[in-house]
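To start, the structure under review is shown below, and the notes come after it.
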Number of protein chains: 2
Amino acid sequence: MTSFQEKSGTLPVDCVACRASIEDLCKDCALAIRQVLVGYKLGDRTIKAGDDLFRPAEPCAALYFIFEGWMFLYSLIEDGRRQILHFALPGSLLGLYPGRTAIYGVEALTNAVVCAIPHEHLGPLIEKHPGIGLRLAWTVWRERNLAYDRLSSIGRRSARERVARLLLELFVRYRMMWPAYRSEEMHLPLTQEHIGDATGMSGIHVNRVLRGLRNEGIVEFHYRRLRILNPDRLVDIAGVDPQTILSWTERYPST
Amino acid sequence: MTSFQEKSGTLPVDCVACRASIEDLCKDCALAIRQVLVGYKLGDRTIKAGDDLFRPAEPCAALYFIFEGWMFLYSLIEDGRRQILHFALPGSLLGLYPGRTAIYGVEALTNAVVCAIPHEHLGPLIEKHPGIGLRLAWTVWRERNLAYDRLSSIGRRSARERVARLLLELFVRYRMMWPAYRSEEMHLPLTQEHIGDATGMSGIHVNRVLRGLRNEGIVEFHYRRLRILNPDRLVDIAGVDPQTILSWTERYPST
DNA sequence: CGGCCGTTTGAATGTTGTCAAGTACGGTGG
DNA sequence: CCACCGTACTTGACAACATTCAAACGGCCG
């Protein structure tokens, strides 16, 4: 049984300096608004790799932002098979809307830190700062679009194309967060099983596809290390247009 | 080239009485807020069955609500294959956020009427009525959850289960709109091709699956007429829990 | 060094897609 | 009312793709 009340206490997140969580909500808001958010926050929480923030069908009492670490949303079916719905990087929004039980679970891939805003603070927060409501909607909207992208990939593309698309997505989203490291290599904390569960295929077949991509000098993924050898070919195989790739990383339009 | 300026003129939607479009945003808002929306509206537009409201990659200049008719969101890939992302019934939200080109297209399955709120009116509207921002976020959140449901279905379930789930979803969502007709029969304006494009399978295989379901006395779908013969079995095959089914139809929590 | 987890590979099986041909429905014009 | 036409549905045979099962290998950590 997980409860957001058990705050870590040891790791107070600095909301004002926080690059990750608040970016989409408050990039061009006055610094003041960030400080406002601090007032509505409940506390922070750390989750160990492999643990759940919440499980499927478990009530979820707060709105979370990931401050640090990788997590993923998943759903389970009766026979134990799992579908990964979304990989959540720092800045992702995690549980919205009070009194509802989540239809999916959230598990940490690495050790992670999330900050929580209790649902009952949400109404007052938005009354005071209406702009945040629209930004919230925009953040969810983006996640919805990403889900739609994945839907086309899984529904209409071959195993090879699906794997290529997922690796590309994770690479692009990761690199946006640390643009300083302009490397074609990254630490990707997944197993081939995870990739299979995210792309709707068996882990074993993921392996075969990866071998193919490696032999052709396109990408290498081995023991949680991803190397993009031929970015252009990868984009080509993934079959996503540049427009769409941009949409994975775009920020709230500052008018 | 479609443009929202070409208002129908012939069919002014009555926003105050409108059951469909505004329900989620304003169910327990004062009637006054509905009247406010009228002021922010641009006009209405009719779309003939088979026509697009907008095409993939086409800029989308307004926020639309479906007032009447069935539509669907789709994306296309190079070789012409299509993935249907979502079937939109009256009340669905259609294009959010300014200056962006949609990554998908929207086509009408039946003749349809939508009402449009220009993006530039959105900011002022929400400044004045902050509650609407949160409701907007909630609406999008629901669509995101629905997309996640579909993702598990397509990614992890057999053809038979996927078809069952889709028919169940459409039936449940449809019946919520007209609860008066408590019939197990409905007009479902799709071809088997549509079902295939939505479930990630070929139209031909959809046919085989439907034959199976018909032979077992579970559902009949023939020339746009859907009949649920054995609801319990259908839910069972679709493999969705009652909790999830409820989430497809739930409304904004009135606190 | 041993054990464990994740990866790698092969062979057999199964599900779904493709191709090709035929059939039924529903609307239109005579 | 009927003949006609186009679209959608139906069916079978075959091929392609992905899954499953089983076994071995590899890195990593105690």
Side-chain angles (χ1 to χ4, degrees), chain A residues 48-50 77 79-84 107 109-110 152-167 187-216 219-227 237 239, chain B residues 48-50 77 79-84 107 109-111 153-167 187-216 219-227 237 239:
Chain A
K48 275 204 291 288
I77 64 182
D79 60 10
R81 278 180 300 173
R82 176 176 71 174
Q83 173 69 39
I84 292 183
E107 182 179 322
L109 278 167
T110 64
S152 336
S153 182
I154 295 187
R156 281 292 175 241
R157 292 193 177 275
S158 70
R160 180 188 169 79
E161 296 170 310
R162 280 184 265 173
V163 170
R165 189 206 155 284
L166 179 67
L167 296 180
H187 174 71
L188 185 62
L190 310 178
T191 65
Q192 296 182 351
E193 199 73 32
H194 285 121
I195 297 180
D197 285 347
T199 51
M201 47 199 281
S202 70
I204 292 175
H205 199 56
V206 169
N207 183 282
R208 282 192 269 262
V209 168
L210 285 175
R211 188 196 341 160
L213 294 173
R214 174 161 24 91
N215 289 344
E216 296 173 55
V219 287
E220 259 176 52
F221 176 67
H222 202 70
Y223 285 97
R224 298 172 189 199
R225 190 111 228 116
L226 175 69
R227 275 236 302 271
I237 293 171
Chain B
K48 276 203 290 289
I77 65 182
D79 62 10
R81 279 180 299 174
R82 175 177 72 174
Q83 173 70 40
I84 292 182
E107 183 180 322
L109 278 167
T110 63
N111 292 333
S153 182
I154 294 188
R156 281 292 175 241
R157 290 192 177 274
S158 70
R160 180 188 170 78
E161 296 170 311
R162 280 183 266 173
V163 170
R165 190 206 155 283
L166 179 66
L167 295 180
H187 173 72
L188 185 62
L190 309 179
T191 65
Q192 296 181 352
E193 200 72 33
H194 286 121
I195 296 179
D197 285 346
T199 51
M201 45 198 283
S202 69
I204 292 174
H205 199 56
V206 169
N207 184 283
R208 283 192 274 257
V209 169
L210 285 175
R211 191 198 336 162
L213 294 173
R214 175 164 20 95
N215 289 342
E216 295 173 55
V219 288
E220 260 176 51
F221 176 67
H222 202 70
Y223 286 95
R224 294 163 196 207
R225 190 108 232 122
L226 175 69
R227 274 236 304 268
I237 293 171

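The chains referred to below are lettered A, B, ... by the order of the sequence lines, with proteins before strands, and numbering in each begins at 1. Here the structure is a predicted model, which means the values were calculated and not measured.
Proximity of A:I154 to A:Q83: side-chain heavy atoms (C-beta onward) are separated by under 4.5 Å at one or more points.
In this view, B:R225 and B:E185 satisfy the salt bridge (Lys or Arg N to Asp or Glu O under 4.0 Å) rule, not counting sequence neighbours. Remark: A:T110 engages no residue in a side chain to side chain donor-acceptor pair (under 3.5 Å) (not counting sequence neighbours). The ring pair (Phe, Tyr, Trp, His ring centres under 6.0 Å) test applied to A:H205 returns no partner, not counting sequence neighbours.
Between the C1' atom of C:dC25 and the OH atom of B:Y223 lies a distance of 4 Å, rounded to the nearest Å. Across the protein-nucleic acid pair, B:L190 atom CG and D:dA8 atom P stand 12 Å apart, rounded to whole Å. Spacing between atom CZ of A:R156 and atom C1' of C:dT18 amounts to 13 Å, rounded to whole angstrom units. Rounded to a whole Å, the CZ atom of A:R225 is 15 Å from the C1' atom of D:dG27. To the nearest angstrom, C1' of D:dC9 lies 16 Å from CG of B:L226. Rounded to whole angstrom, the span from the CZ atom of B:F221 across to the C1' atom of C:dC25 amounts to 13 Å. Atom NE2 of B:H187 and atom C1' of C:dG26 are 13 Å apart (whole Å). The distance from atom CG of B:L188 to atom C1' of D:dA8 is 15 Å, rounded to the nearest whole Å.
Contact between the side-chain N/O atoms of B:H222 and the OP1/OP2 oxygens of D:dA8 is not found at any separation under 4.0 Å. Put simply, B:R211 has no side-chain N or O that comes within less than 4.0 Å of OP1 or OP2 on D:dT10.
Scanning all heavy atoms of the two residues, the minimum distance from A:M201 to A:A159 falls at CE-CB, 3.4 Å. Residues B:D197 and A:R156 come closest through the heavy atom pair OD1-NH2, 2.7 Å. The nearest pair of heavy atoms linking B:A49 to B:L109 is CB-O, 3.6 Å.
Screening B:L210, B:I237, B:T199 for a side-chain contact (heavy atoms from CB on, under 4.5 Å) with B:L167, the sole residue that qualifies is B:L210. Put simply, the residue from A:V209, A:I204, A:N207 that forms a side-chain contact (heavy atoms from CB on, under 4.5 Å) with A:Q192 is A:N207.
Of the residues in residues 193-208 of chain B, those placing a heavy atom less than 4.0 Å from an atom of DNA chain D are B:I204, B:N207, B:R208, in numerical order. Of the residues in residues 157-165 of chain B, B:S158, B:A159 come within less than 4.0 Å of DNA chain C through at least one heavy atom, sorted by number.
To the nearest 0.5 Å, the span separating NE2 on B:H194 from CZ on B:R82 amounts to 4.5 Å. Note that the CD1 atom of B:I195 and the CG atom of B:L226 stand 8.0 Å from one another [nearest 0.5 Å].
Counting non-hydrogen atoms under 4.0 angstrom, B:R224 reaches the backbone sugars and phosphates but no base.
Inter-axis angle, ends of the helix from C:dC1-D:dG30 to C:dG30-D:dC1, five pairs per end, rounded to 10 degrees: 40°.
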